[in-house]
Amino acid sequence: MIHSKLQICLLIFGYLTYLLVGAGVFQVLEGDEERRQQAAVVRMKEDFLQNFTSLSPAEVEIFVKNLMEAVRMGMDPTGHGNSNWDFSNSFFFVGSMLSTIGYGNLSPKTAGGQLFCVVFSLFGIPLNIVFLHHIGKILSLLCERLAKCLYRKDVKKHLDVGIPNISPNYIW
């Protein structure tokens, strides 16, 4: 059964709205924590640069370990990098999460972000399945129409040339 165009438009609008709202929520929930951690990394680097001549080897080792951990968490020690949780990255995260691809390069670190991720996925993954099902139906219908159109043109071309007995099943 083919759904009406209004139903399809409402599904697309609802799905995109769900993605946009999710991206906005993740940007808010995770962005503040990321900015706080980024500021701490920049402060740590500035402290090191001000005192590097008087630091012991053990203190330098601690600094290097902290810096490596910050880089592993996605922080930019220069302080000039892009946010991991700006809107575009949040939107990418939401899309990969709902499609269950989950690249793993970005994940919520705060408890609120993790809890929201679970609840958001609980409703979003079934919505994604329904959305993709309807998109598949639409693409299938378009392919059928294209095949029929091409078949009609091919039959007409063969009839114009005068080739008899063309079977309707020859394209399958």
Side-chain angles (χ1 to χ4, degrees), residues 1-38 70-76 78-172:
M1 179 173 111
I2 303 300
H3 289 49
S4 73
K5 290 181 182 179
L6 177 62
Q7 288 174 325
I8 298 298
C9 288
L10 286 174
L11 178 65
I12 292 170
F13 177 76
Y15 182 71
L16 289 176
T17 301
Y18 195 76
L19 289 176
L20 293 171
V21 167
V25 170
F26 277 112
Q27 182 182 11
V28 169
L29 288 175
E30 296 295 320
D32 292 338
E33 178 65 18
E34 182 188 37
R35 281 187 289 280
R36 187 190 64 72
Q37 289 178 350
Q38 184 68 35
V71 169
R72 195 175 349 211
M73 289 176 42
M75 299 290 135
D76 182 12
T78 65
H80 298 71
N82 293 335
S83 171
N84 287 331
W85 289 101
D86 60 1
F87 189 77
S88 61
N89 286 337
S90 297
F91 190 80
F92 174 77
F93 172 73
V94 167
S96 66
M97 176 183 57
L98 294 187
S99 66
T100 66
I101 293 171
Y103 289 110
N105 57 343
L106 193 60
S107 61
K109 306 284 189 276
T110 64
Q114 292 170 350
L115 181 62
F116 180 73
C117 185
V118 170
V119 173
F120 188 77
S121 297
L122 188 64
F123 295 101
I125 291 172
L127 176 63
N128 188 53
I129 292 170
V130 170
F131 176 74
L132 292 177
H133 172 73
H134 285 289
I135 295 299
K137 278 184 172 180
I138 291 169
L139 290 175
S140 175
L141 181 64
L142 290 175
C143 287
E144 281 182 32
R145 287 182 182 173
L146 178 63
K148 286 178 184 177
C149 179
L150 291 174
Y151 173 75
R152 273 188 249 119
K153 286 185 179 187
D154 196 38
V155 168
K156 186 176 179 182
K157 181 177 82 173
H158 287 329
L159 289 176
D160 289 344
V161 174
I163 301 174
N165 298 330
I166 297 177
S167 169
N169 294 327
Y170 82 98
I171 61 172
W172 307 113

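Here the structure is a predicted model, which means the values were calculated and not measured. Numbering of residues begins at 1 and proceeds along the displayed sequence.
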**Student:** Could you tell me the separation between the CZ atom of Arg145 and the OG atom of Ser140, rounded to the nearest 0.5 Å?
**Tutor:**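 The distance works out to 11.0 Å.
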
**Student:** Per the side chain to side chain donor-acceptor pair (under 3.5 Å) rule, what does the pair list look like for residues 24-34, sequence neighbours excluded?
**Tutor:**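 Listed by first then second residue: Glu30-Thr110, Asp32-Arg35, Glu33-Arg36, Glu33-Gln37, Glu34-Ser83, Glu34-Asn84.
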
**Student:** Rounded at 0.5 Å granularity, tell me how far CG in Leu106 sits from CH2 in Trp85.
**Tutor:**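 Rounded to the nearest 0.5 Å, the CG-CH2 separation comes to 4.0 Å.
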
**Student:** Considering only heavy atoms from C-beta outward, does the side chain of Val94 approach that of Tyr18 to under 4.5 Å?
**Tutor:**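 Side chain of Val94 against side chain of Tyr18, heavy atoms only: no contact under 4.5 Å found.
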
**Student:** For Ala23 and Phe87, which heavy atoms make the closest approach, and how far apart are they?
**Tutor:**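 So the two residues come closest at CB-CE1, 3.6 Å.
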
**Student:** Do you know which two heavy atoms are closest between Ser99 and Ser96, and how far apart they sit?
**Tutor:**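 Heavy-atom minimum between the residues: OG-O, 3.1 Å.
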
**Student:** Please identify each residue that fulfils side-chain contact (heavy atoms from CB on, under 4.5 Å) with Val28, with sequence neighbours left out.
**Tutor:**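 For Val28 there are no side-chain contact (heavy atoms from CB on, under 4.5 Å) partners, ignoring immediate neighbours.
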
**Student:** Sequence neighbours left out, what passes side-chain hydrogen bond (donor to acceptor under 3.5 Å, both in side chains) with Ser107? Give chain and number order.
**Tutor:**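 Checked Ser107 against side-chain hydrogen bond (donor to acceptor under 3.5 Å, both in side chains); matches are Lys109.
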
**Student:** Can you list everything that forms a side-chain contact (heavy atoms from CB on, under 4.5 Å) with Leu6? Sequence neighbours excluded, please.
**Tutor:**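 Residues passing side-chain contact (heavy atoms from CB on, under 4.5 Å) with Leu6: Ser4, Leu10.
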
**Student:** Could you pull out all donor-acceptor pairs under 3.5 Å where a side-chain atom in residues 113-133 meets a protein atom, sequence neighbours excluded?
**Tutor:**
{"from": "Gln114", "atom 1": "NE2", "to": "Pro108", "atom 2": "O", "distance (Å)": "3.2"}
{"from": "Ser121", "atom 1": "OG", "to": "Cys117", "atom 2": "O", "distance (Å)": "2.8"}
{"from": "Asn128", "atom 1": "OD1", "to": "Tyr15", "atom 2": "OH", "distance (Å)": "2.5"}
{"from": "Asn128", "atom 1": "ND2", "to": "Leu98", "atom 2": "O", "distance (Å)": "3.1"}

**Student:** When rounded to the nearest 0.5 angstrom, what is the spacing between CD1 in Ile138 and CG in Leu11?
**Tutor:**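 One gets 8.0 Å once the value is rounded to the nearest 0.5 Å.
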
